[in-house]
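Chain letters run A, B, ... following the sequence lines, proteins first and then strands; every chain starts at 1.
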Protein chains: 2
Amino acid sequence: MEDKTTEIKILEAATEVFQEKGMYGARMQEIADKAGINKALLHYYYRSKEKLFETVFRAAVSLMAPRIKGIISSDVPIFDKIRKFTDEYISFLSNHTYLPAFVINELNKNPQLIQEIFLKEIGSSFQILRDDVQKLADKGEIKPVDIEHVLVNMISMSLFPIIAKPLLKTMFNKSEKDYQIFLETRKKLVADMIIDSIKV
Amino acid sequence: MEDKTTEIKILEAATEVFQEKGMYGARMQEIADKAGINKALLHYYYRSKEKLFETVFRAAVSLMAPRIKGIISSDVPIFDKIRKFTDEYISFLSNHTYLPAFVINELNKNPQLIQEIFLKEIGSSFQILRDDVQKLADKGEIKPVDIEHVLVNMISMSLFPIIAKPLLKTMFNKSEKDYQIFLETRKKLVADMIIDSIKV
DNA sequence: ACTTTTGTTGACCATTTGGTTAAATTATAT
DNA sequence: ATATAATTTAACCAAATGGTCAACAAAAGT
(Lines give C-alpha, C1' and ligand atoms only; values in the text may rest on other atoms or scores of the structure.)
Protein backbone atom coordinates (compact mmCIF):
# COMPACT_ATOMS: atom_id res chain seq x y z
CA MET A 1 0.00 0.00 0.00
CA GLU A 2 2.99 2.25 0.51
CA ASP A 3 4.85 2.25 -2.77
CA LYS A 4 1.70 2.68 -4.82
CA THR A 5 1.36 5.90 -6.64
CA THR A 6 -0.94 8.43 -5.06
CA GLU A 7 -3.31 8.30 -7.96
CA ILE A 8 -3.81 4.57 -7.48
CA LYS A 9 -4.22 4.91 -3.75
CA ILE A 10 -6.95 7.45 -4.30
CA LEU A 11 -8.70 5.27 -6.82
CA GLU A 12 -8.67 2.27 -4.52
CA ALA A 13 -9.94 4.24 -1.58
CA ALA A 14 -12.61 5.88 -3.70
CA THR A 15 -13.71 2.51 -5.04
CA GLU A 16 -14.17 1.17 -1.54
CA VAL A 17 -16.11 4.15 -0.30
CA PHE A 18 -18.26 4.60 -3.38
CA GLN A 19 -19.17 0.95 -3.52
CA GLU A 20 -20.13 0.92 0.12
CA LYS A 21 -21.94 4.24 0.33
CA GLY A 22 -22.88 5.09 -3.22
CA MET A 23 -22.31 8.35 -5.03
CA TYR A 24 -24.38 10.47 -2.67
CA GLY A 25 -23.41 8.77 0.56
CA ALA A 26 -19.69 8.88 -0.12
CA ARG A 27 -17.67 11.67 1.48
CA MET A 28 -14.57 13.11 -0.09
CA GLN A 29 -13.01 13.42 3.35
CA GLU A 30 -13.50 9.72 4.01
CA ILE A 31 -11.87 8.86 0.72
CA ALA A 32 -8.94 11.12 1.51
CA ASP A 33 -8.54 9.61 4.97
CA LYS A 34 -8.70 6.08 3.60
CA ALA A 35 -6.07 6.96 1.00
CA GLY A 36 -3.95 8.58 3.70
CA ILE A 37 -3.73 11.93 1.99
CA ASN A 38 -5.02 15.45 2.15
CA LYS A 39 -8.45 16.16 0.75
CA ALA A 40 -7.12 18.79 -1.62
CA LEU A 41 -5.10 16.11 -3.34
CA LEU A 42 -8.27 14.42 -4.44
CA HIS A 43 -9.13 17.50 -6.40
CA TYR A 44 -5.63 17.75 -7.69
CA TYR A 45 -5.84 14.36 -9.36
CA TYR A 46 -9.55 14.15 -10.08
CA ARG A 47 -11.13 17.49 -10.48
CA SER A 48 -14.41 16.87 -8.75
CA LYS A 49 -16.39 14.25 -6.88
CA GLU A 50 -18.37 13.56 -10.01
CA LYS A 51 -15.22 13.03 -12.07
CA LEU A 52 -13.79 10.72 -9.45
CA PHE A 53 -17.02 8.81 -9.24
CA GLU A 54 -17.26 8.39 -12.96
CA THR A 55 -13.73 7.04 -13.08
CA VAL A 56 -14.54 4.52 -10.37
CA PHE A 57 -17.80 3.58 -12.01
CA ARG A 58 -16.27 3.06 -15.42
CA ALA A 59 -13.58 0.90 -13.87
CA ALA A 60 -16.23 -1.20 -12.15
CA VAL A 61 -18.17 -1.71 -15.36
CA SER A 62 -14.98 -2.49 -17.20
CA LEU A 63 -14.30 -5.15 -14.62
CA MET A 64 -17.68 -6.81 -14.97
CA ALA A 65 -18.67 -6.37 -18.56
CA PRO A 66 -15.73 -7.79 -20.53
CA ARG A 67 -16.06 -11.02 -18.64
CA ILE A 68 -19.57 -11.47 -19.89
CA LYS A 69 -18.43 -10.43 -23.32
CA GLY A 70 -15.38 -12.65 -23.33
CA ILE A 71 -17.29 -15.71 -22.33
CA ILE A 72 -20.32 -15.39 -24.56
CA SER A 73 -18.30 -14.54 -27.62
CA SER A 74 -15.65 -17.19 -27.14
CA ASP A 75 -15.48 -19.89 -29.76
CA VAL A 76 -16.62 -22.96 -27.85
CA PRO A 77 -19.78 -25.10 -28.01
CA ILE A 78 -22.76 -23.35 -26.52
CA PHE A 79 -23.22 -25.72 -23.60
CA ASP A 80 -19.61 -25.23 -22.61
CA LYS A 81 -20.11 -21.54 -22.93
CA ILE A 82 -22.97 -21.69 -20.45
CA ARG A 83 -21.02 -23.78 -17.95
CA LYS A 84 -18.07 -21.50 -18.28
CA PHE A 85 -20.23 -18.47 -17.70
CA THR A 86 -21.91 -19.61 -14.49
CA ASP A 87 -18.66 -21.01 -13.20
CA GLU A 88 -16.46 -18.02 -13.85
CA TYR A 89 -18.98 -15.32 -13.25
CA ILE A 90 -20.16 -16.60 -9.90
CA SER A 91 -16.54 -17.07 -8.86
CA PHE A 92 -15.63 -13.60 -9.93
CA LEU A 93 -18.59 -11.97 -8.24
CA SER A 94 -18.02 -13.88 -5.03
CA ASN A 95 -14.76 -12.00 -4.80
CA HIS A 96 -16.35 -8.67 -5.69
CA THR A 97 -19.54 -8.77 -3.70
CA TYR A 98 -20.19 -5.05 -3.77
CA LEU A 99 -19.71 -4.68 -7.49
CA PRO A 100 -23.02 -5.72 -9.02
CA ALA A 101 -25.17 -3.90 -6.49
CA PHE A 102 -23.06 -0.82 -7.00
CA VAL A 103 -23.23 -0.87 -10.76
CA ILE A 104 -26.91 -1.70 -10.99
CA ASN A 105 -27.88 0.75 -8.34
CA GLU A 106 -26.02 3.68 -9.83
CA LEU A 107 -27.35 2.65 -13.19
CA ASN A 108 -30.86 2.99 -11.83
CA LYS A 109 -30.15 6.42 -10.45
CA ASN A 110 -28.37 7.66 -13.52
CA PRO A 111 -29.80 5.81 -16.53
CA GLN A 112 -28.34 8.08 -19.19
CA LEU A 113 -24.85 6.92 -18.25
CA ILE A 114 -25.63 3.50 -19.67
CA GLN A 115 -25.97 4.29 -23.32
CA GLU A 116 -22.43 5.49 -23.42
CA ILE A 117 -20.62 3.18 -21.06
CA PHE A 118 -22.40 -0.11 -20.98
CA LEU A 119 -23.33 -0.47 -24.59
CA LYS A 120 -19.77 0.11 -25.67
CA GLU A 121 -18.56 -2.68 -23.40
CA ILE A 122 -21.19 -5.28 -24.17
CA GLY A 123 -23.12 -4.25 -27.25
CA SER A 124 -21.50 -6.01 -30.15
CA SER A 125 -20.94 -9.38 -28.52
CA PHE A 126 -24.63 -9.75 -27.94
CA GLN A 127 -25.32 -9.72 -31.66
CA ILE A 128 -22.81 -12.50 -32.14
CA LEU A 129 -24.47 -14.63 -29.51
CA ARG A 130 -27.88 -14.03 -31.05
CA ASP A 131 -26.66 -15.19 -34.45
CA ASP A 132 -24.95 -18.26 -32.98
CA VAL A 133 -28.09 -19.34 -31.21
CA GLN A 134 -30.14 -18.79 -34.35
CA LYS A 135 -27.83 -21.02 -36.35
CA LEU A 136 -27.88 -23.76 -33.75
CA ALA A 137 -31.66 -23.63 -33.66
CA ASP A 138 -31.82 -23.88 -37.43
CA LYS A 139 -29.61 -26.94 -37.35
CA GLY A 140 -31.94 -28.43 -34.74
CA GLU A 141 -29.23 -28.73 -32.12
CA ILE A 142 -31.14 -26.66 -29.59
CA LYS A 143 -34.71 -25.52 -29.16
CA PRO A 144 -35.69 -22.34 -31.02
CA VAL A 145 -35.50 -20.28 -27.84
CA ASP A 146 -35.61 -16.56 -27.25
CA ILE A 147 -32.01 -15.73 -26.54
CA GLU A 148 -32.95 -12.63 -24.56
CA HIS A 149 -34.83 -14.67 -22.01
CA VAL A 150 -32.15 -17.31 -21.81
CA LEU A 151 -29.51 -14.68 -21.19
CA VAL A 152 -31.62 -12.88 -18.62
CA ASN A 153 -32.34 -16.16 -16.85
CA MET A 154 -28.68 -17.02 -16.70
CA ILE A 155 -27.55 -13.62 -15.51
CA SER A 156 -30.44 -13.36 -13.05
CA MET A 157 -29.70 -16.63 -11.34
CA SER A 158 -25.98 -15.88 -11.19
CA LEU A 159 -26.11 -12.25 -10.18
CA PHE A 160 -29.13 -11.95 -7.95
CA PRO A 161 -27.80 -14.16 -5.16
CA ILE A 162 -24.82 -11.80 -4.95
CA ILE A 163 -26.88 -8.63 -4.93
CA ALA A 164 -29.34 -9.99 -2.40
CA LYS A 165 -26.69 -11.72 -0.32
CA PRO A 166 -27.41 -10.00 3.00
CA LEU A 167 -31.10 -10.70 2.55
CA LEU A 168 -30.73 -14.34 1.57
CA LYS A 169 -28.07 -14.99 4.14
CA THR A 170 -30.45 -13.93 6.84
CA MET A 171 -33.44 -15.62 5.26
CA PHE A 172 -31.72 -18.99 5.10
CA ASN A 173 -29.80 -18.42 8.30
CA LYS A 174 -26.45 -19.15 6.71
CA SER A 175 -22.98 -18.24 7.89
CA GLU A 176 -20.57 -16.54 5.55
CA LYS A 177 -18.96 -19.87 4.80
CA ASP A 178 -22.27 -21.62 4.25
CA TYR A 179 -23.29 -18.91 1.84
CA GLN A 180 -20.09 -19.38 -0.12
CA ILE A 181 -20.89 -23.07 -0.38
CA PHE A 182 -24.41 -22.22 -1.44
CA LEU A 183 -23.01 -20.06 -4.24
CA GLU A 184 -20.51 -22.74 -5.19
CA THR A 185 -23.33 -25.25 -5.58
CA ARG A 186 -25.20 -22.87 -7.83
CA LYS A 187 -22.50 -22.87 -10.48
CA LYS A 188 -23.47 -26.30 -11.76
CA LEU A 189 -27.12 -26.02 -10.80
CA VAL A 190 -27.72 -22.86 -12.80
CA ALA A 191 -25.84 -24.15 -15.82
CA ASP A 192 -27.85 -27.36 -15.74
CA MET A 193 -31.10 -25.44 -15.62
CA ILE A 194 -30.21 -23.22 -18.51
CA ILE A 195 -28.97 -26.11 -20.61
CA ASP A 196 -32.10 -28.14 -19.82
CA SER A 197 -34.20 -25.25 -20.97
CA ILE A 198 -32.64 -25.12 -24.43
CA LYS A 199 -31.55 -28.65 -25.29
CA VAL A 200 -33.78 -30.61 -27.63
CA MET B 1 -53.85 14.79 -3.85
CA GLU B 2 -55.56 17.70 -2.14
CA ASP B 3 -57.84 16.17 0.47
CA LYS B 4 -55.20 13.74 1.70
CA THR B 5 -53.96 14.28 5.19
CA THR B 6 -50.62 16.00 5.49
CA GLU B 7 -49.02 12.98 7.04
CA ILE B 8 -49.95 10.86 4.04
CA LYS B 9 -48.79 13.49 1.60
CA ILE B 10 -45.43 13.59 3.32
CA LEU B 11 -45.13 9.82 3.26
CA GLU B 12 -45.94 9.63 -0.42
CA ALA B 13 -43.51 12.37 -1.32
CA ALA B 14 -40.82 10.83 0.86
CA THR B 15 -41.38 7.43 -0.72
CA GLU B 16 -40.90 8.88 -4.18
CA VAL B 17 -37.76 10.78 -3.30
CA PHE B 18 -36.16 8.06 -1.19
CA GLN B 19 -36.81 5.39 -3.79
CA GLU B 20 -35.32 7.51 -6.50
CA LYS B 21 -32.35 8.97 -4.65
CA GLY B 22 -31.76 6.64 -1.73
CA MET B 23 -31.32 7.58 1.91
CA TYR B 24 -28.21 9.68 1.36
CA GLY B 25 -29.20 11.30 -1.90
CA ALA B 26 -32.64 12.34 -0.73
CA ARG B 27 -33.08 15.95 0.42
CA MET B 28 -35.59 16.95 3.05
CA GLN B 29 -36.30 20.12 1.12
CA GLU B 30 -37.19 18.17 -1.99
CA ILE B 31 -39.56 15.99 -0.01
CA ALA B 32 -41.18 19.05 1.50
CA ASP B 33 -41.55 20.70 -1.90
CA LYS B 34 -43.03 17.58 -3.44
CA ALA B 35 -45.49 17.33 -0.57
CA GLY B 36 -46.30 21.00 -0.94
CA ILE B 37 -45.49 21.92 2.63
CA ASN B 38 -42.91 23.64 4.75
CA LYS B 39 -39.77 21.76 5.64
CA ALA B 40 -40.39 22.25 9.34
CA LEU B 41 -43.56 20.20 9.01
CA LEU B 42 -41.53 17.18 8.06
CA HIS B 43 -39.86 17.32 11.41
CA TYR B 44 -43.16 17.95 13.10
CA TYR B 45 -44.58 14.66 11.85
CA TYR B 46 -41.42 12.58 11.58
CA ARG B 47 -38.76 13.71 13.91
CA SER B 48 -35.72 13.26 11.71
CA LYS B 49 -34.67 12.20 8.25
CA GLU B 50 -33.69 8.84 9.65
CA LYS B 51 -37.08 8.32 11.24
CA LEU B 52 -38.84 9.30 8.04
CA PHE B 53 -36.63 7.02 6.03
CA GLU B 54 -37.22 4.09 8.30
CA THR B 55 -40.96 4.57 8.03
CA VAL B 56 -40.76 4.64 4.26
CA PHE B 57 -38.46 1.64 4.20
CA ARG B 58 -40.65 -0.44 6.46
CA ALA B 59 -43.67 0.39 4.36
CA ALA B 60 -41.79 -0.71 1.24
CA VAL B 61 -40.81 -4.02 2.78
CA SER B 62 -44.32 -4.51 4.06
CA LEU B 63 -45.54 -4.04 0.54
CA MET B 64 -43.19 -6.61 -0.97
CA ALA B 65 -42.77 -9.24 1.67
CA PRO B 66 -46.34 -10.27 2.54
CA ARG B 67 -47.00 -11.00 -1.10
CA ILE B 68 -44.23 -13.55 -1.16
CA LYS B 69 -45.43 -14.87 2.14
CA GLY B 70 -49.09 -14.98 1.13
CA ILE B 71 -48.40 -16.86 -2.04
CA ILE B 72 -45.93 -19.42 -0.83
CA SER B 73 -47.95 -20.26 2.26
CA SER B 74 -51.32 -20.45 0.53
CA ASP B 75 -52.99 -23.84 0.50
CA VAL B 76 -52.88 -24.75 -3.18
CA PRO B 77 -50.91 -27.39 -5.14
CA ILE B 78 -47.26 -26.48 -5.46
CA PHE B 79 -47.29 -26.03 -9.23
CA ASP B 80 -50.19 -23.61 -8.94
CA LYS B 81 -48.30 -21.82 -6.21
CA ILE B 82 -45.37 -21.33 -8.54
CA ARG B 83 -47.50 -20.03 -11.38
CA LYS B 84 -49.31 -17.74 -9.03
CA PHE B 85 -46.06 -16.41 -7.70
CA THR B 86 -44.44 -15.50 -11.01
CA ASP B 87 -47.69 -14.13 -12.32
CA GLU B 88 -48.60 -11.93 -9.39
CA TYR B 89 -45.14 -10.91 -8.36
CA ILE B 90 -44.01 -9.80 -11.77
CA SER B 91 -47.27 -7.92 -12.18
CA PHE B 92 -46.88 -6.24 -8.85
CA LEU B 93 -43.28 -5.29 -9.40
CA SER B 94 -43.99 -3.94 -12.87
CA ASN B 95 -46.13 -1.36 -11.14
CA HIS B 96 -43.54 -0.65 -8.47
CA THR B 97 -40.35 -0.61 -10.46
CA TYR B 98 -38.28 1.27 -7.93
CA LEU B 99 -39.23 -0.89 -5.01
CA PRO B 100 -36.91 -3.91 -5.25
CA ALA B 101 -33.80 -1.91 -6.09
CA PHE B 102 -34.58 0.41 -3.24
CA VAL B 103 -35.11 -2.33 -0.68
CA ILE B 104 -32.17 -4.45 -1.74
CA ASN B 105 -29.86 -1.52 -2.03
CA GLU B 106 -30.63 -0.10 1.37
CA LEU B 107 -30.42 -3.58 2.77
CA ASN B 108 -26.89 -3.82 1.44
CA LYS B 109 -25.95 -0.54 3.00
CA ASN B 110 -27.57 -1.25 6.30
CA PRO B 111 -27.54 -5.02 6.85
CA GLN B 112 -28.43 -4.96 10.53
CA LEU B 113 -31.88 -3.64 9.65
CA ILE B 114 -32.77 -7.01 8.17
CA GLN B 115 -32.86 -9.20 11.22
CA GLU B 116 -35.59 -7.11 12.72
CA ILE B 117 -37.70 -6.11 9.75
CA PHE B 118 -37.38 -8.73 7.09
CA LEU B 119 -37.32 -11.85 9.18
CA LYS B 120 -40.50 -10.83 10.95
CA GLU B 121 -42.28 -10.41 7.63
CA ILE B 122 -41.08 -13.54 5.89
CA GLY B 123 -39.46 -15.87 8.39
CA SER B 124 -42.16 -18.33 9.43
CA SER B 125 -43.70 -18.94 6.03
CA PHE B 126 -40.41 -20.20 4.71
CA GLN B 127 -40.42 -23.07 7.18
CA ILE B 128 -43.89 -24.07 6.00
CA LEU B 129 -42.78 -24.14 2.40
CA ARG B 130 -39.75 -26.21 3.28
CA ASP B 131 -41.89 -28.80 5.04
CA ASP B 132 -44.39 -28.91 2.18
CA VAL B 133 -41.69 -29.56 -0.36
CA GLN B 134 -40.16 -32.24 1.83
CA LYS B 135 -43.48 -34.06 2.05
CA LEU B 136 -44.06 -33.88 -1.68
CA ALA B 137 -40.60 -35.24 -2.31
CA ASP B 138 -41.20 -38.10 0.10
CA LYS B 139 -44.39 -38.95 -1.73
CA GLY B 140 -42.45 -38.92 -4.98
CA GLU B 141 -44.56 -36.18 -6.54
CA ILE B 142 -41.58 -33.96 -7.17
CA LYS B 143 -37.84 -34.40 -7.28
CA PRO B 144 -36.01 -34.20 -3.95
CA VAL B 145 -34.82 -30.69 -4.67
CA ASP B 146 -33.13 -28.12 -2.48
CA ILE B 147 -35.93 -25.69 -1.77
CA GLU B 148 -33.49 -22.86 -1.11
CA HIS B 149 -32.15 -23.01 -4.63
CA VAL B 150 -35.60 -23.36 -6.15
CA LEU B 151 -36.82 -20.32 -4.26
CA VAL B 152 -33.75 -18.29 -5.15
CA ASN B 153 -34.10 -19.29 -8.79
CA MET B 154 -37.70 -18.22 -8.86
CA ILE B 155 -37.15 -14.93 -7.09
CA SER B 156 -34.01 -14.20 -9.12
CA MET B 157 -35.68 -14.64 -12.46
CA SER B 158 -38.70 -12.61 -11.40
CA LEU B 159 -36.96 -9.80 -9.56
CA PHE B 160 -33.73 -9.27 -11.41
CA PRO B 161 -35.31 -8.08 -14.67
CA ILE B 162 -37.02 -5.37 -12.64
CA ILE B 163 -33.90 -4.30 -10.80
CA ALA B 164 -31.79 -4.30 -13.93
CA LYS B 165 -34.50 -2.81 -16.10
CA PRO B 166 -32.57 0.24 -17.32
CA LEU B 167 -29.62 -1.96 -18.16
CA LEU B 168 -31.56 -4.65 -19.96
CA LYS B 169 -33.77 -2.16 -21.71
CA THR B 170 -30.71 -0.58 -23.25
CA MET B 171 -28.98 -3.88 -23.87
CA PHE B 172 -31.92 -5.28 -25.82
CA ASN B 173 -32.84 -1.94 -27.29
CA LYS B 174 -36.42 -2.15 -26.13
CA SER B 175 -38.99 0.60 -25.71
CA GLU B 176 -40.88 0.92 -22.45
CA LYS B 177 -43.81 -0.92 -23.99
CA ASP B 178 -41.61 -3.68 -25.41
CA TYR B 179 -40.05 -4.16 -22.03
CA GLN B 180 -43.46 -4.55 -20.44
CA ILE B 181 -44.26 -7.22 -23.00
CA PHE B 182 -40.93 -8.87 -22.29
CA LEU B 183 -41.82 -9.01 -18.60
CA GLU B 184 -45.31 -10.25 -19.37
CA THR B 185 -43.82 -13.14 -21.36
CA ARG B 186 -41.59 -14.06 -18.46
CA LYS B 187 -44.50 -14.85 -16.17
CA LYS B 188 -45.21 -18.16 -17.87
CA LEU B 189 -41.64 -18.78 -18.98
CA VAL B 190 -40.20 -18.55 -15.48
CA ALA B 191 -42.95 -20.67 -13.98
CA ASP B 192 -42.39 -23.33 -16.63
CA MET B 193 -38.68 -23.40 -15.95
CA ILE B 194 -39.11 -23.76 -12.23
CA ILE B 195 -41.75 -26.45 -12.61
CA ASP B 196 -39.61 -28.33 -15.12
CA SER B 197 -36.76 -28.27 -12.66
CA ILE B 198 -38.72 -30.01 -9.91
CA LYS B 199 -41.23 -32.27 -11.61
CA VAL B 200 -40.45 -35.98 -11.76
C1' DA C 1 -66.68 33.40 23.86
C1' DC C 2 -62.37 31.69 25.05
C1' DT C 3 -58.91 28.54 26.18
C1' DT C 4 -56.12 24.78 24.69
C1' DT C 5 -54.34 21.82 21.54
C1' DT C 6 -52.89 20.81 16.96
C1' DG C 7 -51.08 22.19 12.58
C1' DT C 8 -48.22 25.33 9.76
C1' DT C 9 -44.90 28.77 8.54
C1' DG C 10 -40.64 31.85 7.77
C1' DA C 11 -36.53 32.89 9.55
C1' DC C 12 -32.64 31.20 11.55
C1' DC C 13 -28.60 28.11 13.21
C1' DA C 14 -24.74 24.92 13.45
C1' DT C 15 -22.57 21.63 10.88
C1' DT C 16 -21.18 19.36 6.95
C1' DT C 17 -19.55 19.24 2.43
C1' DG C 18 -17.36 19.87 -2.00
C1' DG C 19 -14.15 22.76 -3.51
C1' DT C 20 -10.28 26.55 -3.63
C1' DT C 21 -5.90 28.92 -2.78
C1' DA C 22 -1.54 30.22 -1.50
C1' DA C 23 2.30 28.52 0.38
C1' DA C 24 5.52 24.72 1.27
C1' DT C 25 7.86 20.55 -0.10
C1' DT C 26 9.74 17.38 -3.31
C1' DA C 27 11.26 15.90 -7.69
C1' DT C 28 13.22 17.03 -12.30
C1' DA C 29 15.75 19.21 -15.55
C1' DT C 30 19.54 22.36 -16.89
C1' DA D 1 23.72 24.45 -7.71
C1' DT D 2 19.60 26.41 -9.35
C1' DA D 3 15.61 27.26 -11.77
C1' DT D 4 11.38 24.92 -13.03
C1' DA D 5 7.74 21.91 -12.63
C1' DA D 6 5.06 18.60 -10.03
C1' DT D 7 3.18 17.17 -5.65
C1' DT D 8 1.26 17.92 -1.07
C1' DT D 9 -0.61 20.47 2.72
C1' DA D 10 -3.17 23.63 6.05
C1' DA D 11 -6.36 26.98 6.22
C1' DC D 12 -10.25 28.75 4.31
C1' DC D 13 -14.89 29.52 1.81
C1' DA D 14 -19.49 29.54 0.07
C1' DA D 15 -23.29 26.74 -0.43
C1' DA D 16 -26.17 23.22 1.07
C1' DT D 17 -28.28 20.59 4.57
C1' DG D 18 -30.70 18.71 8.60
C1' DG D 19 -32.78 20.62 12.16
C1' DT D 20 -34.88 24.22 15.53
C1' DC D 21 -37.76 28.05 17.29
C1' DA D 22 -40.90 31.54 18.03
C1' DA D 23 -44.88 33.13 16.19
C1' DC D 24 -49.18 32.57 13.72
C1' DA D 25 -53.50 30.05 12.18
C1' DA D 26 -56.96 26.62 12.61
C1' DA D 27 -59.54 23.12 15.19
C1' DA D 28 -61.35 21.26 19.08
C1' DG D 29 -62.87 21.38 23.82
C1' DT D 30 -65.18 23.83 27.49
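- Residues passing the salt bridge (charged side-chain N to carboxylate O under 4.0 Å, His left out) test with B:Arg130 are B:Glu148, sequence neighbours excluded.
- Between A:Asp33 atom CG and C:dG18 atom P the separation is 12 Å, expressed in whole Å.
- Remark: side-chain polar atoms of A:Lys49 are paired, donor with acceptor, to backbone N or O of A:Ala26 under 3.5 angstrom.
- Residues in residues 159-168 of chain B take part in these salt bridge (charged side-chain N to carboxylate O under 4.0 Å, His left out) pairs, two or more places apart or across chains: B:Lys165-B:Glu176.
- With sequence neighbours left out, the ring-ring contact (aromatic ring centres under 6.0 Å, His included) criterion links B:His149 to A:Phe182.
- Less than 4.0 Å separates DNA chain D from at least one heavy atom of each of the following residues of residues 20-27 of chain B: B:Ala26, B:Arg27.
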For nucleotides 24-29 of chain C, list the nitrogen or oxygen atoms of the protein found under 3.5 Å from its nitrogen or oxygen atoms, one pair per line.
none

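- In terms of the side chain to side chain donor-acceptor pair (under 3.5 Å) criterion, residue partners of B:Asp196 (sequence neighbours excluded) are, by chain and number, B:Lys199.
- Contact footprint of chain A on DNA chain D: nucleotides with an atom under 4.0 Å from a non-hydrogen protein atom, first to last in 5' to 3' order, D:dA6 to D:dA10.
- Listed by first and then second residue, the salt bridge (charged side-chain N to carboxylate O under 4.0 Å, His left out) pairs that reach into residues 137-146 of chain A are A:Lys139-A:Glu141, sequence neighbours excluded.
- For the pair A:Ser158 and A:Pro161, the tightest heavy-atom approach, listed with the atom from each and the gap, is O-CD, 3.6 Å.
- Evaluation of the side chain to side chain contact (heavy atoms under 4.5 Å, CB included) rule for A:Asp192 yields A:Arg83, A:Lys188 as partners, not counting sequence neighbours.
- With sequence neighbours excluded, no residue satisfies ring-ring contact (aromatic ring centres under 6.0 Å, His included) with B:Tyr46.
- Against DNA chain C, the stretch residues 37-52 of chain B makes heavy-atom approaches under 4.0 Å through B:Ile37, B:Asn38, B:Ala40, B:Leu41, B:Tyr44, B:Tyr45.
- Aromatic ring centres of A:Phe18 and A:Phe102 lie farther apart than the 6.0 Å criterion allows.
- The side chain to side chain donor-acceptor pair (under 3.5 Å) contacts involving residues 88-102 of chain B comprise B:Ser91-B:Lys187, where partners must be two or more places apart or lie in separate chains.
- Using a distance-only test at 3.5 Å, with no hydrogens or angles considered, no donor-acceptor pair links the side chain of A:Asn108 to the main chain of B:Ala101.
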